[in-house]
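The structure under discussion is supplied below as structure tokens; questions concerning it will follow.
Within every chain, numbering begins at 1; the chains are lettered A, B, ... in the order of the sequence lines, protein sequences first and strands thereafter.
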2 protein chains.
Amino acid sequence: MEREQNVHIHLSSPAESAPAEEHSFSRKGRRCKICKRPAYIDLPQHNISLCEEHFDEFFVRQVERTIRRYRMLPPRAKVVVALSGGKDSLVTALVLKRLGYEVLGFHVDLGIDLNDYSPKSREAVLTFSRRFDIPVEIVSLKEEYGKTIPDVYKKEKKICPICGMTRRHLMNVYALKAAETHGAYALATGHHLDDLAAQLFANVLRWDFHYLAKGLPVLPPEDGFARKIKPLALTSEFEIVAFAQLHNVEFVRCSCPLGKDAKFRKYQSMLRAVEALSPGTKRYFYQRYTEIAHIFAEHAPEARPALRKCLVCGMPSSSPVCSFCRIWRPEEAEAALRQYRELTLAPTTGGGPDADEAGTSAASSGAFGASEEAPREG
Amino acid sequence: MEREQNVHIHLSSPAESAPAEEHSFSRKGRRCKICKRPAYIDLPQHNISLCEEHFDEFFVRQVERTIRRYRMLPPRAKVVVALSGGKDSLVTALVLKRLGYEVLGFHVDLGIDLNDYSPKSREAVLTFSRRFDIPVEIVSLKEEYGKTIPDVYKKEKKICPICGMTRRHLMNVYALKAAETHGAYALATGHHLDDLAAQLFANVLRWDFHYLAKGLPVLPPEDGFARKIKPLALTSEFEIVAFAQLHNVEFVRCSCPLGKDAKFRKYQSMLRAVEALSPGTKRYFYQRYTEIAHIFAEHAPEARPALRKCLVCGMPSSSPVCSFCRIWRPEEAEAALRQYRELTLAPTTGGGPDADEAGTSAASSGAFGASEEAPREG
């Protein structure tokens, strides 16, 4: 089932906005609107400047209002936060803790050694966990499944959809487990306004009603899927970088060395350009969308295939064996499929990733639909 | 009544794409897909290159298909074409004539002497008219109303909405007259795909259902309004420039010296960047929109004020005297309003431009709506 936008946390490009050293987010001479002390940050979309203390308060209240607006969590709920080691997910966890939620961290070690990407990410998550006293569970692909994302990359051309599917699968499995054993209410990810607005832009460019129907910051729980929330949905990447610096959060600054989603980054930078012309446009674009998304849902085609349980892992899948198991547990997948074929006498494709988990975003999967007039991939 | 998008023909910026001298639109070495002669133009969105002859045929057929797709005109109809002197409107007239329609040209001399803008525009229209044997009627603001756009500019800050309202009013009056006296079926303008896609993008960014409901390439005739059509709606500016050069159409290359709609141009250049990444995106974005616009219409607020007839000119207006007459016939407008007030004993505002004609595009009027969360103007 295609139920989450395929925005890769590790593909966002903090390098563009996250400075390696201390950085001022305010133009010289500006003062805090509230206390008149020297400003730490200018927020043109709100037409204010704020000092460190008042920005901190503002940031946390903004996330609190987002959680309330979309009814993401009940007070003091337990919540699983998917921690990539980047600023977005770490800040999500930090703010949720500040707001009184009980945070359970979860990290997938992808085994990407190029540029020391995965070791650094893991280390950032562990450092964060110790410093802010947030428990974290780490799943290592290498340890659990005997191979890594680069091992799969050698066989598959498009690694981003597979990496995204893998992380979503594992996060979902962990969140369901945490719901059962700890009463965790939802799975939170660090998707921010820049991610969601760029994704929305991509989906609008092709009027993809299927995705336009479900780009919301809350996805309700469904059979086999945990409730998913995006507490930073109305917070810009710029504010997140400033908040991370304010709290000296050490995060991984490099982007994934395997990812090259140029189009998505282009959309993000275009929306930044629009934002510079008319501060507040990006937020209005996304927030107003969340109010009218039901219209797209009413007109979305019912193309979703019926879901069954994967014969290997039991998770929801549109084919007998889910794409996660086909990639990461190939022997078990093959055995299950063989048995299935014998039982049903009906051949299955057993081929590419199925609809539920891989490449669920039109932007990154390149699935422009079958129309003869659909644009070509560049 | 806000019924047309406020895309200013004279604000498009041909300078960006229209070369002053002969220009090749094909990369060296490419050949015509049909006859294998050296190519004149590459069309990445269709994945073809074409020689002069086959591009000419392709271009005309593309407009023919657009006219048929949106049922713009019956065969051999008479059609008024608003000629600004720029490439878009001249090419519109030329192609319509090629397709067997009877073209009646109409030009408004705005009296903008800066950079010789209006004299050059008028001259381009007259040259075109003689060369292609297309009759043209010219209305000079100076001669008819004793003042020019720059005269109004001295009093008003935002001239573009007023200039647009003025041209739309005069075009509509002429088209209605031509319908009565010559049986003219519609008023055609030179809006092209780049214009319409950028306008659509602006309206989507603010989810403006009112404008999203009516960005279509055909506006049906309504009481007091002529039928309006945009035959180049699915043709890119790039193709228009190449077609104009092919036929040695002499057009005004400078943009209006008074217009500075930076935001609209920014949107156009952003969509060009997207197009470069994925050829065909721009057309898909707009064309698919025309198929789903009815959804926006179903959900658009019925905010349109009831229309009456302007007490001075008799054209549809949301207030007793229309904005055209308030600007261009102020004495008559004042007298009519005085009489109206005496008769009704109800004071009217008599103030800013009314909803029917001025600033009908959210993008250029800067009307972001009253929501507290609407973005601020940059």
Open item on the list: Under the rule for side chain to side chain donor-acceptor pair (under 3.5 Å), what residues qualify as partners of A:E239, not counting sequence neighbours?
Closed with: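 Per chain and number, A:E239 pairs via side chain to side chain donor-acceptor pair (under 3.5 Å) with A:Q62, A:S236.
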
Open item on the list: Determine whether a donor-acceptor pair (N or O, by modelled atom type, separation under 3.5 Å) exists between the side chain of B:N203 and the backbone of B:L200.
Closed with: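 Not confirmed, B:N203 side chain does not pair with B:L200 backbone.
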
Task: Side chain / backbone / both / neither for B:E275 at chain A, heavy atoms under 4.5 Å - done: neither

Task: Residues in side chain to side chain donor-acceptor pair (under 3.5 Å) contact with A:E57, at least two apart in sequence or another chain - done: none

Task: Short side-chain to backbone donor-acceptor contact, A:Y289 and A:G215, under 3.5 Å - done: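 Checked: pair present.
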
Task: chain A interface, residue from B:M270, B:E298, B:K266 that has the most non-hydrogen pairs under 4.5 Å - done: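 So the answer, after comparing B:M270, B:E298, B:K266, is B:M270.
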
Task: Interchain contact, B:L205 with chain A, by part (heavy-atom threshold 4.5 Å) - done: both

